[in-house]
Amino acid sequence: MCAMPSAEKTPPTRAHPPLNERVPQPALPTKQDEVAASGSELLGGPVGRRALLTATWWTPVRVIALVALGMFALGMVQKAPCYNGAWFVGASSQYTHACYSDIPHLYQGRGFADGLTPYFDKLPGDMEYLEYPVLTGLFMEVAAWLTPGSGSLQHQEKFYWMVNAGMLMACTAVIAVCVARTHRRRPWDALLVALAPAFALTATINWDLFAVALTAAAMLMWSRGRAVTFGILLGLATAAKLYPALLLGPLLVLCWRAGKWREFGSALIATTAAWLAVNLPVILRAPDGWAKFYSFSRERGVDFGSFWLILAQRMDDPPTTDTVNKLAMALMLLACLGVAALGFTAPRRPRFAQLAFLLVAAFILTNKVYSPQYVLWLVPLAALARPRWRDFLIWQACEVAYFLGIWMYLAYTTSGDAHKGLPTEGYQVAIAIHLLGTLYLCAVVVRDILMPERDVVRRNGEDDPSGGVLDGAPDVFVLGAAGQSPRYDGARDGEETYVKWGTPGKRSL
């Protein structure tokens, strides 16, 4: 039996209000993240308690935007060997330098050099029409308008890439600012996006950054409670790339759990209206050209980066494209059901960014192709879902390994008898590294959902800073034991404090 300490020896205690009753303070990564604290030594060490954080022009958003632009510029420098000739000389030079980009090749390959109108004019060669969604096609066309038609074709292709790079750089700034502002009290989490090496390496391979920027802006609007604006931006993003539509799935689950049907309905209607406003004119006037993206996606065989390719290369009788389409769809459906079950049964309603990351990652993992630039889809979502440098850098290292692996494999297959590069078995290892890295990040996000006390975003008492109307809302529908057992959201001064985040409502077994 322990003796009770005397009053003279007991230090006075200070009453702490529950975390949910305090005003959350801005999160400083050097105070919460060991890797960030260690990395800050290059700049003078962690922020001290006397630091003036708001009395300077260098606000977090401005710093992050400039860092993102600087990293983007370094990515352009990395493409310099190709710009100076590797795109145009030899079959494998652009792969050995790891500086390949679709952009200069498609300037002529998709008719922009000849002044053809996407979707309306047929293309010479195997691809009859442009195989990109309508808004991306418009982005490509605008860049072609800004490209002078004089000079050699090689000069025009280089200029076309440079124009696109400038437009994609603007998209990078939008992404950095939107991610920094989505979590009001955690702007420095966007530094994960700005410094992501895979982001810089893949930013100018294709036009994906346009859709990523629109998606990041949509998530910012949802975090501000603007459901209609969110829907408009998400509809435009879906008109540029198909993956943003996946965000409606997690939103449905979370709004169902919180009873926010009006807000979800507004977002859904606005998304559909914006998508139709962009697509209908092309559907009505050039239906064959418009449908090319969807038919190409369906008819495309197993391709780079997917686990399906490993199976196809190792099987004597690989599955047909139709079989792979059905199996991939079935796996994605199972993943959707798993994410929905997680959203309804988690002890605390998951954050929007967490479920969005998991569903987009599931699409990437089950899809029959994984182009290197697809990592751009996940980078902003990862920074919002799991803002921890260690886990983020582990995943990024895997993606950089895959980035190098695919180019070395293509160098091997295009170098003839010399076989300079990575053989098939080595490329399969690179694919496995990419898959394992993505699965690892998914695993820690799922752990944060099941154990919300491990979620760094919630440790200061916040609920879902990217959730908009979901932030702090009570549950009205859950499954299983969700909402029954209290969870502890971190420690403050040695005390574990239960954070109230809404009252459990109706339960369904």
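- Separation of atoms CE (Met332) and CD1 (Ile364) is listed at 10.0 Å; rounding is to 0.5 Å.
- For Arg224, the CZ atom is densely surrounded, since the number of other residues' heavy atoms within 6.0 Å is greater than 12.
- At distances below 3.5 Å, at least one donor-acceptor pair connects side-chain atoms of Asp464 with backbone N or O atoms of Phe352.
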Next on the checklist: Quick one, Phe357 with Leu441, criterion side chain to side chain contact (heavy atoms under 4.5 Å, CB included). Give me CA distance, side-chain angles, the key distance, then yes/no.
Outcome noted: CA-CA 10 Å; Phe357 170 83; Leu441 199 56; 3.6 Å; yes

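- Side-chain atoms of Tyr440 and Asp391 form a donor-acceptor pair, as typed in the model, at a separation below 3.5 Å.
- Contact detail for Tyr107 and Glu157: the closest heavy-atom pair is CD2-CG, 3.7 Å.
- Ile449 has its side chain within reach of Leu355: a pair of non-hydrogen atoms, C-beta onward, lies under 4.5 Å apart.
- Val379 has its side chain within reach of Gln396: a pair of non-hydrogen atoms, C-beta onward, lies under 4.5 Å apart.
- Listed here is the closest heavy atom pair of Arg351 and Pro465: CD-CD, 4.3 Å.
- Heavy-atom minimum distance, Phe112 versus Pro118: CE2-CG, 3.7 Å.
- Taking the six-membered ring for Trp and the full ring otherwise, the centers of Tyr427 and Tyr412 sit at least 6.0 Å from each other.
- The existence of a salt bridge linking Lys326 and Asp322 is confirmed by a sub-4.0 Å separation between a basic side-chain nitrogen and an acidic carboxylate oxygen.
- Here the side chains of Asp288 and Glu128 are not in contact, with every heavy-atom distance at 4.5 Å or above.
- The shortest heavy-atom contact between Thr424 and Gln313 is CG2-OE1, 3.3 Å.
- In this structure the side chain of Pro244 reaches within 4.5 angstrom of the side chain of Thr238, judged on heavy atoms.
- Smallest separation of non-hydrogen atoms from Ala382 and Trp395: CB-CZ3, 3.8 Å.
- Using modelled atom types, one side-chain atom of Tyr160 and one backbone atom of Met140 make a donor-acceptor pair closer than 3.5 Å.
- Using a 4.5 Å heavy-atom cutoff, the side chains of Glu131 and Arg300 are not in contact.
- Between the side chains of Asn367 and Tyr243, no donor-acceptor pair of N or O atoms lies under 3.5 Å.
- Using modelled atom types, one side-chain atom of Ser306 and one backbone atom of Lys368 make a donor-acceptor pair closer than 3.5 Å.
- Counting only heavy atoms from C-beta outward, the side chains of Lys158 and Gln154 approach each other to under 4.5 Å.
- Tyr83 and Trp161 have tilted rings, their planes meeting at an angle from 30° to 60° on a 0 to 90° scale.
- Using the six-membered ring where Trp is involved, Tyr95 and Trp407 have ring planes that are parallel, under 30° apart on the 30 and 60° scheme.
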>> Using the rule given for side chain to side chain contact (heavy atoms under 4.5 Å, CB included), can you reason through Glu399 versus Thr438, listing the C-alpha separation, both sets of side-chain angles and the distance that settles it, and then say yes or no?
In response: CA-CA 9 Å; Glu399 292 298 329; Thr438 305; 3.4 Å; yes

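- Under the 4.5 Å side-chain criterion, counting only non-hydrogen atoms from C-beta, Trp308 is not in contact with Tyr370.
- When side chains are defined from C-beta on, Leu201 does not count as touching Val375, because their heavy atoms never get closer than 4.5 Å.
- Using modelled atom types and a 3.5 Å distance limit, the side chains of Tyr100 and Asp102 yield a donor-acceptor pair.
- At a threshold of 4.0 Å, the pair Arg186-Asp189 counts as salt-bridged, since one of the basic side-chain nitrogens sits closer than that to a carboxylate oxygen.
- For the pair Leu359 and Leu246, the tightest heavy-atom approach, listed with the atom from each and the gap, is CD2-O, 3.3 Å.
- No donor-acceptor pair closer than 3.5 Å links the side chain of Ser371 to the backbone N or O of Tyr374.
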Exercise. Stepwise, does the side chain to side chain contact (heavy atoms under 4.5 Å, CB included) test hold for Leu234 with Trp222?
Worked result: CA-CA 10 Å; Leu234 193 69; Trp222 180 263; over 6 Å; no

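- In summary, the side chains of Thr323 and Asn325 do not present any donor paired with an acceptor at a separation below 3.5 Å, with no hydrogens or angles considered.
- With hydrogens and angles left out, the side-chain atoms of Glu141 and Trp145 include a donor and acceptor closer than 3.5 Å.
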